[in-house]
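Structure, as structure tokens:
In this text, all values refer to a predicted model and were calculated from it rather than measured experimentally.
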Amino acid sequence: TLGQYISGQIYIITDLSHIDNLGVFKSDKKDLHVFASEYSNLYSECLFNGDVYFISPEEKTLLTFQHDGNWILLKLPFYKR
């Protein structure tokens with residue numbers, strides 16, 4: 001499931017982030033189902049209508065849902081500022 005690869009604060013990039021210049025969305029993992037429902041209500045579009053990127057800094061993962069139904073998981077490199 002999605003939850004096993006992400007935790008904490010999640011950054012979400014959807015097609016509307018680019019098309020309508022809405023930018024990056026953010027949600028806490030525990031509120032992701034609420035986010036998906038509100039996204040659908042606000043924008044009259046399913047969250048998974050196109051490509052969706054979930055970035056979890058806490059887990060150092062990038063989880064991508066592609067519009068054709070495939071999922072891709074990338075482990076992000078650790079870095080210090």
Using 0.5 Å steps for rounding, measure from the [atom1] atom of [X] to the [atom2] atom of [Y].
X: Leu73; Y: Phe54; atom1: CG; atom2: CZ; value: 12.5 Å
X: Thr61; Y: Gln4; atom1: OG1; atom2: CD; value: 10.5 Å
X: Lys26; Y: Asp31; atom1: NZ; atom2: CG; value: 13.0 Å
X: Thr64; Y: Asn70; atom1: OG1; atom2: CG; value: 11.0 Å

Mark yes or no for whether [X], through its side chain, and [Y], through its backbone, hold a donor-acceptor pair below 3.5 Å.
X: Ser56; Y: Ser7; answer: yes
X: Asp28; Y: Lys30; answer: yes
X: Ser17; Y: Gly23; answer: yes

| query | Is it true that Phe25 and Ile19 fall in one hydrophobic cluster, defined by side-chain heavy atoms closer than 4.5 Å? | reply | no

Can you see which heavy atom on [X] is nearest to which on [Y], and at what distance?
X: Tyr11; Y: Pro57; answer: CE1-CG, 3.6 Å
X: Lys29; Y: Ile6; answer: CD-O, 3.3 Å
X: His18; Y: Ile13; answer: NE2-CG2, 3.5 Å
X: Gly8; Y: Glu58; answer: CA-OE1, 3.6 Å

In the structure I gave you, are the side-chain heavy atoms of [X] and [Y] within less than 4.5 Å of one another anywhere?
X: Ile12; Y: Val52; answer: yes
X: Phe65; Y: Asp51; answer: no
X: Ile55; Y: Ile10; answer: no

Name each donor-acceptor pair under 3.5 Å that joins a side chain in residues 34-48 to protein atoms two or more places apart or in another chain, with its distance.
| from | atom 1 | to | atom 2 | distance (Å) |
| --- | --- | --- | --- | --- |
| Tyr39 | OH | Thr14 | OG1 | 2.9 |
| Asn41 | ND2 | Ser37 | O | 3.4 |

